[in-house]
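Atoms within each ligand, like the ligands themselves, are counted from 1 in listed order.
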Amino acid sequence: MNMFDKPIYVTQPFLPPLEGLQEYLKDIWESKWLTNNGKYHQLLEKALCDYLGVKYISLFSNGTLALITALQALKISGEVITTPFSFVATTHSLWWNNIKPLFVDIDPETFTLDPGKIEAAITPKTTAILPVHVYGNPCKVEEIQNIANKYGLKVIYDAAHTFGVKVNGTPIANFGDLSVLSFHATKIFNTFEGGAIVCHDEKTKKHIDSLKNFGLVDEITVVEPGINAKMNEFQAALGLLQLKYIDNSIERNKQIVYVYRQGLRDVRGITVLEDIDKVQHNYSYFPVLIDKEKYGKSRDDVYEGLKKKNIFTRRYFYPLISQFPTYKELESAKPGLMPVAEKVAKDVLCLPIYPALDAEKVLFIIDSMKAV
Ligand code: T4K
C-alpha cells in the first residue's frame, strides 16, 4: 500500500469544473439538437483549428473510427508500412480495411518508425505509410515525406498522442496527407471518447464528413458506403470546455516530467527521455527504459514492485502489435526482424502522469522506483 491509500494509476482524466458544463447542457436540452453536425460540433471544429493551427478538422466519435475512415478517405489498399510499437488500434485500422500491415523497426531515440528502414520494406503493393508519433514524440517527418514522394505513397499519421505538439513551430498535424487524433479519456485533451482527422483542403474535409455520416451528402443522396462515426453534441460541448484548460494541463504535466527527470536521470540502469530539440512537447506520457543488467531488476520486476505500493504503471507498448494473434504470422512480424522495437517493448515502463498528480506523489513514485 502507499501512504496515499488510493491507487495511483498511469493516468487520470482531466475533468473541468462540473458547473462549467451546466450552461452547455441546458442549451443542448433546450435545442434538442444532440448530434449530426450540431452547433457545438461546428464550434469545436473551429476552435480546434485555431488552437492546433490546422486548416480543416473533422470530428469523430473516437480515434479508431477516425483511423479506419482516414484510410477509406484516401482509398488506401494493398500493403501499408507501419510500426509495431503502438496501441493495437493503429494496426487494427488497417486490418478493418483489408490492408496488409508491413511492420518496420523503430528509431532507438524516439521510438517512432525508423525512416532508414522503410525503403527496404516497400513492395509493388505498398500504397502508404502509417507512422505513429509515439508518446507525442514527432516522427522524422521530413525523411518520411521524402520517401513517400519518391515512391508515390500517402502518409497518414497516427497522432493520437500528439495534441498540441509542434516541430520547429509547425503544428504536428500539418505533416503528411492526414493526421488522426484521439480524445479518449486517457489523452491529454479528452471528450470522454472522441477523435478527429486533420486534412489540408476543403474537398477532402467534405469527403471525410460524408464518410463519417453514412456517405450521405444531402437528405436523399448517398455517394458511397460510409459509416456512423460522428461526434455527438455532448462530447463537442465538453471539448469546448476542456480547451479552456488544456494549456494548464500541459504546463502541469511538464512540471511533473521535470521532477521525474531530475529524480531518475542519474539512477543507474534507468533511461529517461529528454526534450527533443525544436519540439514543443505536450508531456502526456512519461516512459522510462529499465536496463536489467545495470539496474539489477527487470522492467517487469519494477512493474510488479510498484503495484505492491499501489502504483499502477503501464507497459505501453508491450507486447508489440506484431506479436498479437492475427499479426504474428505475417512475414514482417517474425521475431528478430525488429530488434529495437523488441528491446524497447521489453524495457519500457510508463510512469503515472496527469495534471492532478501532486509533487508529493511524484516524489513517492521516484523513491519507490529507487527502492525497487
Ligand atoms: N492510436 C494510438 C497510438 C493510441 O494510443 C490509441 C488509443 C488509438 C490510436 C485509438 O484511439 P481511441 O479509439 O481510443 O480514441 C488506453 C485507451 O483506452 C486507448 O484510448 C489508448 N490509445 C491506449 C494507449 O490506452 P488502456 O487499455 O490502457 O486503458 P485503461 O482503461 O486501462 O486506462 C488506463 C488507466 O487510465 C486506468 O488504469 C485508469 C485510468 N482511467 C481510464 C479510463 C478509461 C481513468 O482514470 N478513467 C477512465 O475513464 O487503453
Test item, Gly194 contacting ligand 1 (heavy atom, 4.0 angstrom): yes
Decide yes or no for Ile311 and Pro352: does some side-chain heavy atom of the first lie under 4.5 Å from some side-chain heavy atom of the second? yes
Any idea how Phe286 and Tyr260 line up, ring-wise: parallel (<30°), tilted (30 to 60°), or perpendicular (>60°)? parallel
Check each atom of ligand 1 against the heavy atoms of Ala160 and keep those under 4.0 Å away; list them by number with element. 1 (N), 2 (C), 3 (C), 4 (C), 9 (C)
Ligand 1 atoms in contact with Gly63 (distance to a heavy atom under 4.0 Å): 11 (O), 12 (P), 13 (O), 15 (O)
Between Tyr157 and Thr162, is any pair of side-chain heavy atoms under 4.5 Å apart? no
Is it true that the NZ or CZ of Arg252 lies under 6.0 Å from the centre of Phe14's six-membered ring and within 45 degrees of the ring axis? no
Parallel, tilted or perpendicular: which one describes the rings of Tyr285 and Tyr135, with boundaries at 30° and 60°? tilted
Would you find a donor on one side and an acceptor on the other, under 3.5 Å apart, between the side chain of His41 and the backbone of Glu233? no
Considering the heavy atoms of Ser182, write down every atom of ligand 1 situated less than 4.0 Å from one of them. 11 (O), 12 (P), 15 (O)
Less than 3.5 Å apart, any donor N or O on the side chain of Tyr283 or Asp275 sitting next to an acceptor on the other? yes
Are Lys370 and Val267 close enough that some pair of their side-chain heavy atoms sits under 4.5 Å apart? yes
Lys292 with Asp301: basic N within carboxylate O range, under 4.0 Å: no
Is there a side-chain contact between Lys100 and Leu330 in this structure, where contact means two heavy atoms from C-beta onward sitting under 4.5 Å apart? yes
Beyond-backbone contact of Phe60 with Ile197, side-chain heavy atoms, under 4.5 angstrom: yes
re atom 40 (C) of ligand 1, the protein heavy-atom contact at minimum distance is Thr11 O, 3.3 Å
Is Tyr316 in contact with ligand 1, taking contact as a heavy-atom separation below 4.0 Å? yes
Considering only heavy atoms, does Thr90 approach ligand 1 within less than 4.0 Å through its side chain, its backbone, both, or neither? side chain
Residue, atom name and distance, where the atom is the protein heavy atom closest to atom 33 (O) of ligand 1: Thr186 CG2, 3.8 Å
Please check atom 31 (O) of ligand 1 for a protein heavy-atom neighbour under 4.0 Å. no
Which is closest to atom 26 (P) of ligand 1 by heavy-atom distance: His133, Arg314, Lys187, His161? Arg314
Check the orientation of Phe183 and Phe189. Use parallel for under 30°, tilted for 30 to 60°, and perpendicular for over 60°. perpendicular
Heavy atom of Pro13, distance to ligand 1 below 4.0 Å: yes
Per-atom filter on ligand 1: closer than 4.0 angstrom to a heavy atom of Thr64 are 10 (C), 11 (O), 12 (P), 13 (O)
Judged on heavy-atom distance to atom 1 (N) of ligand 1, which of Leu65, Asp158, Val132 sits nearest? Asp158
Tell me, which protein residue and heavy-atom name are nearest atom 35 (C) of ligand 1, and how many Å apart are they? Val10 CG1, 3.9 Å
Among all protein heavy atoms in this structure, tell me which lies nearest to atom 4 (C) of ligand 1, with the distance rounded to 0.1 Å. Phe87 CB, 3.5 Å
May I ask which of Tyr354, Tyr9, Tyr285 has a heavy atom nearer to atom 37 (C) of ligand 1 than the others do? Tyr9
Identify, for atom 44 (C) of ligand 1, the protein heavy atom at the shortest distance, and state residue, atom and that distance. His184 CE1, 3.9 Å
Is the shortest distance from a heavy atom of Glu193 to ligand 1 less than 4.0 Å? no
Under 4.0 Å from a heavy atom of Ser86: give me the atoms of ligand 1 that qualify, with their elements. 3 (C)
Going by the atom numbers of ligand 1, which of them fall below 4.0 Å from some non-hydrogen atom of Ala185? 49 (O)
Of all the atoms in ligand 1, which lie at a distance below 4.0 Å from a heavy atom belonging to Ala89? 8 (C), 9 (C), 10 (C)
So how far is it from Ser182 OG to Leu65 CG, rounded to the nearest 0.5 Å? 11.0 Å
